[in-house]
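Both counts, for ligands and for their atoms, begin at 1 and track the order of listing. The analysis underlying the following values was restricted to heavy atoms, covering all of them including side chains, and did not include hydrogens, waters or symmetry mates. Just so we're clear, the structure is a prediction, and the values are computed from it rather than from any experiment.
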Amino acid sequence: MKLFSVKLRASKDGKHISGAERITPYEKIKTVIDQLYDRLSRKEFDSINIKIDILKEQPLLVEKTLPVVNMNFKNHREANKWAIQIIQKQTGLSEEKIKQLIDLIHFGASPDRENMRGAMIVDLRGNRLEKNRSRGVRTTDVDYLDREKIIRKLKEKCFTERTADALALTTKNMLYPDIIAEYCISDEPDYLTGYVSTKEAYYRLTPLKEKGNEKGGRIYFVKNGADIDKIYRFLEEKPVLIKDVDI
Ligand code: COA
Ligand code: AMP
C-alpha cells in the first residue's frame, strides 16, 4: 500500500510554534490534515506550512513502543537528580558533565542562547556532535499503525496525545543501535513533564522543568565513534510505524 507523510508546522513572526506529523494512506490524507490543523491552530499563528510526500521506502514495522514508566517528584530539581543518575548509569559520563548538558537545555542550547530547532547529539566523552548547533537533528517520519487504538489505550491510563507523540519519537530513537539514551523537556512554559529514555524504558518524569521556563530541548547520547551521517539519515528519513504501546 502507498503511504504518505503529512507534516504541518505553524509559526508566528518567523518563529516555529509547533509541528506534528502522520504517516497515512492516500484515502486518509484529508482527514489527517483536518486533525492536525485543528490541533495546531489552537495557538495564535501567522503561517502554517503543510507538506505531503509519498514515502519512498516501506516503513520499518515495530511491535511495541518502549515500556512507559511514570514517575512524580517533589520538584524539578529532584526529578533532574534522578534523571542525571540514570543517564550516568547508561553513559558513564560524570554527573557534573551531564548536569552541564542538561543546564544548557534549560537555559538555551543554541549559540544565541535560544532553543535549538532539533536535538543535541552528545557522545560518551561529552562532546557535542550535531552538524549545526542551532538546528541539531530532528526525528521525523514516525507514527502508529493504528493511532486511534493507541490514543484510546493511553487515555484509559490517563495519558495524553502528547505522550503518544513523544513516545513514538523516542521509540524510534532507541531503535538505532548507537543511540543509548535521551533527555527531553518541552519548550512550552506550562508543560512541565519531561522524559528520559534508555533502551529499556521511557521514564516520564513530572515535573522535569521549572514552571514558566520557555526553554526546552532534547539530548541524544550516542556511542563514541558513531557515524553521524548515518544517524541523521535514520532519524530524518527512515519511516517507522509502531503497532502497539507498552503500558
Ligand atoms: N523547531 C523549530 N523549527 C522547526 C522545527 C522545530 N521542531 N521543525 C521545523 N522547523 C522549521 C525550521 O526552520 C526548519 O528549517 P531547518 O531544517 O533549517 O531547521 C523548517 O521549519 C523546515 O523544516 P522541515 O524539517 O522541512 O519541516 P517539516 O515541514 O518537514 O516539518 C515537523 C517537520 C515540524 C513536522 C517535525 O520537525 C516535527 O517536529 N514532527 C513532530 C515529531 C513528532 O511528534 N513525531 C511523532 C509523531 S507520532
Ligand atoms: P517539543 O517536544 O515539541 O516541545 O520540543 C522540545 C524541544 O525538542 C524543541 O525545543 C527542540 O529543541 C527539540 N525538538 C523539537 N522537535 C524535534 C524533533 N522532531 N526531533 C528532535 N528534537 C526536536
Side-chain angles (χ1 to χ4, degrees), residues 4-24 32-33 35-37 39-40 43 45 47-53 55 59 62 65 101-102 104-110 112-122 130-148 150-151 154 160-174 176 179 182-195 197 202 204 208-209 213-220 231-232 234-243 245:
F4 289 79
S5 152
V6 178
K7 291 175 174 152
L8 268 75
R9 65 185 155 82
S11 58
K12 185 161 193 298
D13 302 325
K15 208 173 160 229
H16 177 87
I17 305 168
S18 70
E21 61 172 289
R22 297 282 185 272
I23 294 174
T24 193
V32 159
I33 291 175
Q35 290 169 351
L36 295 183
Y37 176 81
R39 193 166 132 189
L40 260 62
K43 288 187 197 148
F45 66 90
S47 170
I48 284 189
N49 184 288
I50 302 176
K51 194 157 101 180
I52 306 168
D53 287 300
L55 293 189
V62 177
T65 61
L101 294 162
I102 287 178
L104 271 179
I105 295 290
H106 286 255
F107 293 103
S110 78
D112 59 1
R113 285 296 185 217
E114 289 300 326
N115 291 321
M116 292 174 67
R117 307 197 296 281
M120 194 194 280
I121 307 177
V122 175
E130 341 52 281
K131 294 178 188 177
N132 172 328
R133 286 193 178 183
S134 297
R135 182 183 187 276
V137 65
R138 277 196 298 276
T139 304
T140 58
D141 287 356
V142 54
D143 199 356
Y144 296 99
L145 197 58
D146 181 351
R147 180 171 266 266
E148 276 96 57
I150 301 299
I151 300 294
L154 284 168
T160 56
E161 183 147 9
R162 185 193 277 266
T163 303
D165 292 342
L167 184 56
L169 188 153
T170 194
T171 296
K172 175 171 177 181
N173 292 340
M174 290 306 134
Y176 195 77
I179 302 180
E182 175 181 354
Y183 175 93
C184 169
I185 54 167
S186 164
D187 49 36
E188 281 186 31
D190 292 332
Y191 190 73
L192 310 185
T193 297
Y195 66 83
S197 289
Y202 164 82
R204 185 174 182 272
L208 195 58
K209 70 180 249 179
N213 186 3
E214 290 183 345
K215 296 297 189 299
R218 289 182 158 85
I219 312 173
Y220 298 169
I231 292 183
Y232 271 74
F234 177 80
L235 297 179
E236 300 193 337
E237 290 171 28
K238 181 77 201 174
V240 171
L241 278 178
I242 306 169
K243 291 191 195 166
V245 269

**OP:** List the steps and the verdict of salt bridge (Lys or Arg N to Asp or Glu O under 4.0 Å) for Glu161 and Arg22.
**Re:** CA-CA 13 Å; Glu161 183 147 9; Arg22 297 282 185 272; 3.3 Å; yes
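- The contact set between ligand 1 and Asp165, taken as ligand atoms under 4.0 Å from a residue heavy atom, comprises 44 (O), 46 (C), 48 (S).
- Within the 4.0 Å heavy-atom cutoff, Arg147 counts among the residues contacting ligand 1.
- With a 4.0 Å cut-off on non-hydrogen atoms, Tyr195 does not touch ligand 2 at all.
- Scanning the protein for heavy atoms near atom 43 (C) of ligand 1, the closest one is Leu169 CD1, 4.0 Å.
- Scanning the protein heavy atoms around atom 10 (O) of ligand 2, the nearest turns out to be Asp187 OD2, 2.6 Å.
- Heavy-atom separations between Tyr220 and ligand 2 include at least one value shorter than 4.0 Å.
- Proximity of a side-chain donor or acceptor of Tyr183 to a complementary backbone N or O of Leu101 within less than 3.5 Å is not detected.
- In terms of protein heavy atoms, atom 19 (O) of ligand 1 is closest to Arg117 NE, 2.7 Å.
- Of the candidates Arg135, Arg138, Lys51, it is Arg138 that places a heavy atom closest to atom 14 (C) of ligand 1.
- Among protein heavy atoms, the minimum distance from atom 4 (O) of ligand 2 is reached at Ser186 OG, 3.2 Å.
- Heavy atoms of Val137 approach ligand 2 to within less than 4.0 angstrom.
- Numbered from 1 in the order shown, with element, the atoms of ligand 2 that lie under 4.0 Å from a heavy atom of Gly217 read 7 (C), 8 (O), 12 (O).
- Using a 4.0 Å cutoff on heavy atoms, Ile185 counts as a contact of ligand 2.
- The aromatic rings of Tyr37 and Phe45 sit perpendicular to each other, their planes meeting at more than 60°, with 30° as the lower class boundary.
- Between Gly118 and ligand 2, at least one pair of N/O atoms sits closer than 3.5 Å.
- Checked for salt-bridge contact, Glu214 and Lys15 miss the test: no charged N lies under 4.0 Å from a carboxylate O.
- The nearest protein atom to atom 1 (P) of ligand 2, hydrogens excluded, is given as Arg218 NH1, 3.9 Å; this is a heavy-atom distance.
- Close approach of ligand 1 to Ala168 is summarised as follows: ligand atoms under 4.0 Å from at least one heavy atom of the residue are 48 (S).
- Residue Met116 approaches ligand 2 through these ligand atoms, each under 4.0 Å from one of its heavy atoms: 10 (O), 11 (C), 12 (O).
- For the pair Lys209 and Tyr191, the cation-pi test (distance below 6.0 Å, angle within 45°) is failed.
- With respect to the salt-bridge test (charged N to carboxylate O, under 4.0 angstrom), the residues Glu21 and Arg138 do not qualify.
- Shortest contact from atom 19 (N) of ligand 2 to any protein heavy atom: Thr139 O, 3.0 Å.
- For ligand 1, the atoms lying closer than 4.0 Å to a non-hydrogen atom of Gly19 are 34 (C).
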**OP:** Check step by step if salt bridge (Lys or Arg N to Asp or Glu O under 4.0 Å) holds for Arg135 and Glu236.
**Re:** CA-CA 13 Å; Arg135 182 183 187 276; Glu236 300 193 337; 3.0 Å; yes
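- Residue contacts with ligand 1 for Ala20 involve N, CA, C or O but no side-chain atom from C-beta outward (heavy atoms, distance under 4.0 Å).
- For Thr140, no heavy-atom contact with ligand 2 is shorter than 4.0 Å.
- The existence of a salt bridge linking Asp187 and Arg117 is excluded, since no basic side-chain nitrogen approaches an acidic carboxylate oxygen closer than 4.0 Å.
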